[in-house]
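Structure, as structure tokens:
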Number of protein chains: 2
Amino acid sequence: MSAPASGRRHSRDDVSRTALRLLDEYGLPDLTMRAIATSLDVQVSALYWHFPNKQSLLAAVSARILGPMDQVDVEDLPTSDVVRLLGGRLRECLLAYRDGAELVSSSLALGLVDSPVQSQLMRATRRDGVPDPLALVAAETVMHYVVGFTFHEQQRLSADALGLLDTETSLSPDAVSAPPEAGADFAEALTMIADGLDAAVRRHTARAGR
Amino acid sequence: MSAPASGRRHSRDDVSRTALRLLDEYGLPDLTMRAIATSLDVQVSALYWHFPNKQSLLAAVSARILGPMDQVDVEDLPTSDVVRLLGGRLRECLLAYRDGAELVSSSLALGLVDSPVQSQLMRATRRDGVPDPLALVAAETVMHYVVGFTFHEQQRLSADALGLLDTETSLSPDAVSAPPEAGADFAEALTMIADGLDAAVRRHTARAGR
DNA sequence: ACCTGAACACCGTTCAAGT
DNA sequence: ACCTGAACACCGTTCAAGT
């Protein structure tokens, strides 16, 4: 699986790929340098040849989690739909791995990873004639809201998964993998941001036209 | 300063007050149980009589940081102004202590502390006839955006403070304590959220009136 | 170029026992 | 009610040395 081709040793990608698998399997608190090294059949100190410290290794894992964001197709969609689409996709990316939102949240705050929303959103806003500064503000708002919301959501999911036997456990079969319908508020919030961007654009063009 | 009255020992409040002081002085990575205990002239294990674990101690510190949010005066201000006022105040609370945003961010995600925006915002929205569900979504959006933005901002400030001697250090005197003008984007984002809430309210009342 | 082996300087948490 | 003393089971990082 994560072993390199025979003859060569490990690569940076081997390390981050293995770390992502361990994250999903055991969670962020158990994602130690020792656990990663053991899984690669290597000494801990070997990891420091590939990465200068743990934080930059975690940044590489974050980039892997956010990878699918680049493939979102934004063509022939109005800006407000693009806001909703990118926000929804970002949430899906974060939920795809255990503790994904927490990990990405800190990598983003440390500035070790690029905005997962900005470049794609600006592709649409430039086409629609939205001023760049407004698009940047909207991109930041979407990013911070989605990451914060999903961080909170994912933490609640993990907590529920642990205390599942104490409370009412009889839901529909495989109710765990199916996203619960707290997603309605999430969609409403994205619409609010999209509408707010729209209002800002109208305000801007009105000022330019007087 | 943080010592209790003679005769009595320490209280929960002594501990969290001392922890907040150490946070501001040395930063979150150095806020260890051992450092807190040493500052209180006590053994580490003594802290576990007051708090079940470190995370709940940090939650008490977070609550202390968010304390001033309850004193925001919301009377005779329209809802959209209240959104901007609460968002701005929250940012100020987080910036008031070193690493405040990071600490509060995790306490909020863990659900160990109440929303610093919700109750105050709803005081205004109920008075203005805004439906509760919309107000809740707006409160979440403001909270997550402000915390995420300020987390990022504060991290950049700390990084700059360390690398200050390498780069151009000659700015205006005491340029550190004065908030730099990245706050313009912040205000624009809050206005976008306020406008988005406004649009949602109009959409709602239009549907009710047909 | 990539890794080993061993050490350093720490962590959070527990628990019997004291007063 | 509040704390001591000592231990347990870990951490991330460094560095000389190997191949």
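Per chain, numbering begins at 1; letters A, B, ... match sequence-line order.
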D:dC3 phosphate, OP1 or OP2: any side-chain N/O from B:H50 under 4.0 angstrom?
yes
Name all stems that contain residues of DNA chain D, defined as runs of 3 or more consecutive Watson-Crick or G-U wobble pairs, both distances under 3.5 Å.
C:4-8 with D:12-16, C:12-16 with D:4-8
Return the OG1 to CZ distance between A:T79 and A:R84, rounded to the nearest 0.5 Å.
11.0 Å
Separation between OH of A:Y145 and CD1 of B:I193, rounded to the nearest 0.5 Å:
10.0 Å
Is the ring pair A:F186/A:F149 parallel, tilted or perpendicular, if the boundaries are 30 and 60 degrees?
tilted
To the nearest Å, how far apart are [X] [atom1] and [N] [atom2]?
X	N	atom1	atom2	answer
A:I36	D:dC11	CD1	C1'	13 Å
B:L28	C:dC11	CG	P	13 Å
B:W49	D:dC2	CH2	C1'	6 Å
A:F51	C:dC2	CZ	P	12 Å
A:D41	C:dC2	CG	C1'	15 Å

Given side chains that start at C-beta, do those of B:T18 and B:H10 come closer than 4.5 Å, heavy atoms only?
no
Let me spell it out: for each of B:Q43 and A:A35, pick the nucleotide of DNA chain D with the closest heavy atom. Which residue's pick is nearer the 5' end?
B:Q43
Tell me, yes or no, whether the heavy-atom count around B:R89 atom CZ, taken from other residues, nucleotides or ligands under 6.0 Å, exceeds 12.
no
Neighbour count >12 (heavy atoms, 6.0 Å) for atom CG, B:D114
no
Summarise how protein sits on nucleotides 13-19 of chain C as a single string, 5' to 3': B when a protein heavy atom is under 4.0 Å from the base, S for sugar-phosphate-only contact, - for no contact.
BBB----
Inspect the contact between A:E75 and A:R127 and indicate whether a charged nitrogen and a carboxylate oxygen are less than 4.0 angstrom apart.
no
Could you go through the side-chain contact (heavy atoms from CB on, under 4.5 Å) check for A:L47 and A:L40 one step at a time?
CA-CA 10 Å; A:L47 300 177; A:L40 287 166; 4.0 Å; yes
Let's go through B:V83 and B:T191 carefully: what are the C-alpha distance in whole Å and the side-chain angles of both, what is the deciding distance for side-chain contact (heavy atoms from CB on, under 4.5 Å) to 0.1 Å, and is it a yes or a no?
CA-CA 8 Å; B:V83 164; B:T191 296; over 6 Å; no
Separation between the P atoms of C:dC2 and D:dA17, rounded to whole Å
22 Å
Residue B:H10, side-chain heavy atoms: nucleotide from C:dA1, D:dG5, D:dC3 that is nearest
D:dC3
